[in-house]
Amino acid sequence: MEKYITHSRSETEKAAADFAKRLKPGDIVAFFGGLGAGKTAFTGGIAKGLGMECEVTSPTFTICNEYTFAEKVLLHYDMYRVESWGDLYSTAFFDAIDSGAYIVVEWAENIFNALPDGCYIVEISTVSENEREIKIYLKGEQSQC
């Protein structure tokens with residue numbers, strides 16, 4: 001498990017950009033963390049780390065935002081409202097897994113059993129107004145908090 005402490009949104013984005021350098025097409029990054037913890041900021045950093053020049057916004061109302069740049073595709077899911085397998089199927093998440101896109105999932109605790117072993121788990125905890133604790137590990141290495 002890796003552990004980081006960041007003290008600003010820009011530090012969180014930089015940590016995410018550095019993390020993104022190890023990602024391969026088809027990798028899944030599942031976020032655990034409360035409201036305002038920095039999940040969307042971390043996703044913005046992943047996009048930057050992948051070389052994407054786009055503004056990342058929360059997919060709260062769209063369920064999935066798709067970002068493309070230089071033949072790379074990043075699918076950014078918000079599973080906050082997913083309460084059943086039927087809800088999950090309606091998001092096209094299972095189709096996305098086989099698409100070769102980079103996939104990031106906010107509120108992954110709602111679909112934990114559907115996440116494949118070996119996907120990246122990123123737990124973001126709020127320490128103070130600007131300080132975040134970030135833990136990164138693979139699903140199956142330890143259970144989520």
Side-chain angles (χ1 to χ4, degrees), residues 1-52 54-60 62-70 72-85 87-89 91-145:
M1 177 177 63
E2 300 167 57
K3 184 176 169 182
Y4 305 92
I5 300 290
T6 62
H7 301 92
S8 66
R9 180 182 181 103
S10 62
E11 282 186 20
T12 298
E13 289 175 351
K14 180 170 180 347
D18 291 342
F19 164 73
K21 293 175 183 163
R22 76 179 81 171
L23 296 176
K24 301 178 304 298
D27 278 349
I28 298 172
V29 180
F31 293 111
F32 292 78
L35 197 61
K39 300 178 293 288
T40 300
F42 201 93
T43 301
I46 288 175
K48 288 177 186 171
L50 293 174
M52 297 181 156
C54 57
E55 181 182 345
V56 171
T57 59
S58 175
T60 300
T62 58
I63 306 298
C64 182
N65 289 341
E66 180 176 332
Y67 306 100
T68 57
F69 181 77
K72 293 179 183 175
V73 177
L74 174 64
L75 299 175
H76 180 196
Y77 281 93
D78 184 315
M79 299 298 185
Y80 184 76
R81 291 181 175 79
V82 172
E83 297 177 351
S84 68
W85 284 98
D87 289 347
L88 182 56
Y89 277 103
T91 68
F93 176 73
F94 294 109
D95 294 328
I97 289 174
D98 297 324
S99 71
Y102 299 89
I103 301 170
V104 295
V105 182
E106 295 191 25
W107 300 102
E109 52 269 49
N110 290 352
I111 66 160
F112 185 76
N113 292 329
L115 295 171
D117 283 344
C119 73
Y120 289 99
I121 303 293
V122 177
E123 295 178 4
I124 305 175
S125 303
T126 303
V127 177
S128 66
E129 183 178 341
N130 293 314
E131 191 173 14
R132 301 296 184 263
E133 178 183 74
I134 301 166
K135 297 177 187 173
I136 302 173
Y137 55 91
L138 297 175
K139 182 181 178 195
E141 285 185 354
Q142 72 183 59
S143 62
Q144 90 278 9
C145 61

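All values below come from the heavy atoms of this structure, side chains included, with hydrogens, waters and symmetry mates left out.
In this structure, Val104 and Tyr67 have side chains that are not in contact, with every pair of non-hydrogen atoms separated by 4.5 Å or more. When side chains are defined from C-beta on, Phe31 counts as touching Thr43, because their heavy atoms get closer than 4.5 Å. The shortest distance between side-chain heavy atoms of Glu123 and Tyr137 falls below 4.5 Å. By the 4.5 Å heavy-atom criterion applied to side chains, Leu115 and Phe93 are counted as neighbours. You'll find the side chain of Thr91 stays beyond 4.5 Å of the side chain of Cys64, heavy atoms only. Between Thr126 and Arg132 the shortest side-chain heavy-atom distance falls below 4.5 Å. In this structure, Leu35 and Trp107 have side chains that are in contact, with non-hydrogen atoms separated by less than 4.5 Å. Considering only heavy atoms from C-beta on, Ser99 comes within 4.5 Å of Leu75 through its side chain.
Separating the CD atom in Glu109 from the CD1 atom in Ile121 is a distance of 10.0 Å, to the nearest 0.5 Å. Here the straight-line distance linking atom CZ of Arg9 with atom CG of Asn130 works out to 11.5 Å at 0.5 Å rounding. Atom CE in Met79 sits 8.0 Å away from atom CD1 in Ile63 (nearest 0.5 Å). To the nearest 0.5 Å, atoms CD1 (Ile136) and CE (Met1) are separated by 10.5 Å. Rounding to the nearest 0.5 Å gives a distance of 13.5 Å between OH of Tyr102 and CD1 of Ile28.
The number of heavy atoms from other shown groups lying within 6.0 Å of OH (Tyr120) is above 12. Other residues, nucleotides and ligands place more than 12 heavy atoms under 6.0 Å from the CD atom of Glu2.
Tested against His76, the residues Lys39, Glu106, Glu66 include a single side chain to side chain donor-acceptor pair (under 3.5 Å) partner, Glu106.
One N or O on the side chain of Glu11 and one on the backbone of His7 form a donor-acceptor pair closer than 3.5 Å. Listed for the Lys72 side chain is no donor-acceptor partner under 3.5 Å among the backbone atoms of Gly51.
Checked against salt bridge (charged side-chain N to carboxylate O under 4.0 Å, His left out), Asp27 has the following partners two or more places apart in sequence or in another chain: Lys24.
Between Tyr4 and Phe19, the distance from one ring center to the other does not fall under 6.0 angstrom.
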